[in-house]
Chemist: 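Structure incoming, see below.
Because the structure is a prediction, the values reported are computed rather than measured.
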Amino acid sequence: HTFHTLYRVLLPTFRPCTSLVVVINRYSGHGPVSNLRYMTSEEEDDDNGVLRRTRSHSDASSGHRVGSRQRKCHPEKLIEMSRRVREVGTAFVDDGAAISPTLAAIVSSKAFFLDIALKNRQTGEDSDPAVGQVGLIRDERLTQSPPSQRQAVAGEDGRPAPILRSSRFSVTPTTCLHNVASGRDESGDVIDYVNSRIVAPTGNSVSVNDFARAGYEVDRADAVVIRESGENEADRIFWKYGHDVTSAGQITNPRNHFTRKELSFEKMERQGYRFQVGQKIGMAVYRDFVVTAEDAGRPRNTLSNDYLRDIYGHENRVNIYTGQITHVSPDGKAFEHNINTFAGCSGAVVFLLDQDQDENGVISADHGKAIAIHAGGKNIAAGEISNLAFKILQLG
């Protein structure tokens, strides 16, 4: 009866091209009418959707990976326009005071993009590939690699010192669930996830075919509360993909490039650690395309490619973006943050920085540890935008 009444009352107010979406707040114990939130399809896509689009002309003109490439997850948010990517030691960072040159160099080796293959369910044709980020979470030690190809240095006693070896570890590829989900495109066709490939700045790559829940189609019942909004429960802020993190099976071959120790993150495991507003965080992101104004959540052509390159750094290299936690979700498993992002950042590992962490619940042993996976951006309220990340839960 409630839905029939809403249909009769609200239908005349919507344009023919606009759909009515009803989200039921499953977290409230109150009656159903007070727990309904209404959004047009345009609002839903702006806040929670994966808006797939092909590579723009500016991407093609860059000379890098001309072909079409979609971005996941759109929208993302450019929040702090004053930040500029500059060299910090051997790395490129948008705030040199936020991270030490040592940590910047360490995390720069841990960024990879995820090349995502898609297929149109209705036509059976391949769709334009999409791109996101993916991180490697370090697991058990495998073995030591063969001796490095360099001559041993003589010690003080004249005998050769031991040749250095680099350890290998099993790793768990981890990204956003929505990066490997299936969903509808602008025309209403279902675009199915097929498989994905981890691509390193060195050109090394590895196929991954076993992300948990790959190909899943989002269900409204999965939505999680990101923020309570005052006393009106109908105004709670949701993320429709639920806890937006997924992982694949371990890579365990010690000869595989991606098992090298320096390529993986240690996951935060310290008892007592909690997300806290003010904690300083960062993301290392590798991309091979030019960032456009639309990628940054701004209207088309409002910001030049050169201006955005100053904020986000050059393509075909790793850039580090910094910020802090600005709000923690009610369940403590997600947070909002103000790191500058662009479409194609979803799936990046969020790690703790090593500067200005006093009284933030962070100790020195936490620096550089992986705490979350960046998911996307959202319009929280009028004039308020945030990016979102979700805790890396138990993997496997």
Chemist: Sub-3.5 Å donor-acceptor pair from the side chain of Tyr312 to the main-chain atoms of Thr341, do we have one?
Modeler: yes
Chemist: Take Asp331 and Ser329, measure what side chain to side chain donor-acceptor pair (under 3.5 Å) needs, and give me the verdict at the end.
Modeler: CA-CA 6 Å; Asp331 65 3; Ser329 67; 2.7 Å; yes
Chemist: In terms of ring plane angle, is the pair Tyr241 and His178 parallel, tilted or perpendicular, where the classes change at 30° and 60°?
Modeler: tilted
Chemist: Does the pair Asp310/Arg86 count as a salt bridge with the N-to-O cut at 4.0 Å?
Modeler: yes
Chemist: For the ring pair His337 and His374, is the centre-to-centre distance below 6.0 Å?
Modeler: yes
Chemist: Examine distances only and state if a side-chain atom of Asn179 and a backbone atom of Ser346 form a donor-acceptor pair shorter than 3.5 Å.
Modeler: yes
Chemist: With a 6.0 Å cut-off on ring centres, are Phe211 and Tyr193 close enough?
Modeler: no
Chemist: I'd like to know if the side chain of Thr252 and the backbone of Ser170 have a donor-acceptor N/O pair within less than 3.5 Å.
Modeler: no
Chemist: Tell me if the aromatic rings of Tyr286 and Phe113 count as close, with their centers under 6.0 Å from one another.
Modeler: yes
Chemist: Any chance the side chains of Ser167 and Arg141 put a donor and an acceptor closer than 3.5 Å?
Modeler: yes
Chemist: Would a 4.5 Å heavy-atom cut-off, applied to side chains only, mark Leu78 and Leu308 as touching?
Modeler: yes
Chemist: Going from CD1 on Ile371 to CZ on Arg274, what distance comes out if it is rounded to the nearest 0.5 angstrom?
Modeler: 13.0 Å
Chemist: Before you tell me yes or no, could you show the steps for Lys378 and Asn387 under side chain to side chain donor-acceptor pair (under 3.5 Å), namely the whole-Å CA-CA distance, both residues' side-chain angles and the distance that decides it to 0.1 Å?
Modeler: CA-CA 6 Å; Lys378 191 171 180 68; Asn387 285 312; over 6 Å; no
Chemist: Are Arg287 and Phe342 in a cation-pi contact, defined as NZ or CZ under 6.0 Å from the six-membered ring centre and within 45° of the axis?
Modeler: yes
Chemist: Could you tell me whether Arg227 and Glu384 have a side-chain N and a carboxylate O separated by less than 4.0 Å?
Modeler: yes
Chemist: Is the backbone N or O of Ala212 less than 3.5 Å from a side-chain atom of Thr246, with the two atoms forming a donor-acceptor pair by type?
Modeler: yes
Chemist: So does Arg309 pair up with Glu315, basic N to acidic O under 4.0 Å?
Modeler: yes
Chemist: Measure from NZ or CZ of Lys110 to the centre of the six-membered ring of Phe265, then state whether that distance is under 6.0 Å and the direction lies within 45° of the axis.
Modeler: yes
Chemist: Which pairs count as salt bridge (charged side-chain N to carboxylate O under 4.0 Å, His left out) when at least one residue sits in residues 361-377, sequence neighbours excluded?
Modeler: Arg270-Asp366
Chemist: Do the side chains of Phe112 and Ser205 get nearer than 4.5 Å, heavy atoms only?
Modeler: no
Chemist: Check Arg121 with Asp192, please: is the shortest side-chain N to carboxylate O separation under 4.0 Å?
Modeler: yes
Chemist: Salt bridge check, Asp356 against Lys280: does any charged N sit closer than 4.0 Å to a carboxylate O?
Modeler: yes
Chemist: Mind telling me whether Tyr273 and Phe275 have parallel, tilted or perpendicular rings, with 30° and 60° as the class edges?
Modeler: perpendicular
Chemist: Let's go through Asp288 and Asn316 carefully: what are the C-alpha distance in whole Å and the side-chain angles of both, what is the deciding distance for side chain to side chain donor-acceptor pair (under 3.5 Å) to 0.1 Å, and is it a yes or a no?
Modeler: CA-CA 5 Å; Asp288 67 344; Asn316 284 327; over 6 Å; no
Chemist: Hey, does the Lys NZ or Arg CZ of Arg317 hover above the aromatic six-ring of Phe92, less than 6.0 Å from the centre and inside 45° of the axis?
Modeler: yes
Chemist: Once you round to the nearest 0.5 Å, how far does CD of Gln250 lie from CZ of Phe169?
Modeler: 12.5 Å
Chemist: Apply the side-chain contact (heavy atoms from CB on, under 4.5 Å) test between Asn256 and each candidate in Ile251, Asn204, Val171; give the one that qualifies.
Modeler: Ile251
Chemist: With a 3.5 Å cut-off and sequence neighbours excluded, list the donor-acceptor pairs that the side chains of residues 96-104 form with protein atoms.
Modeler:
from: Ser100; atom 1: OG; to: Leu103; atom 2: N; distance (Å): 3.1
from: Ser100; atom 1: OG; to: Asp354; atom 2: OD2; distance (Å): 2.5

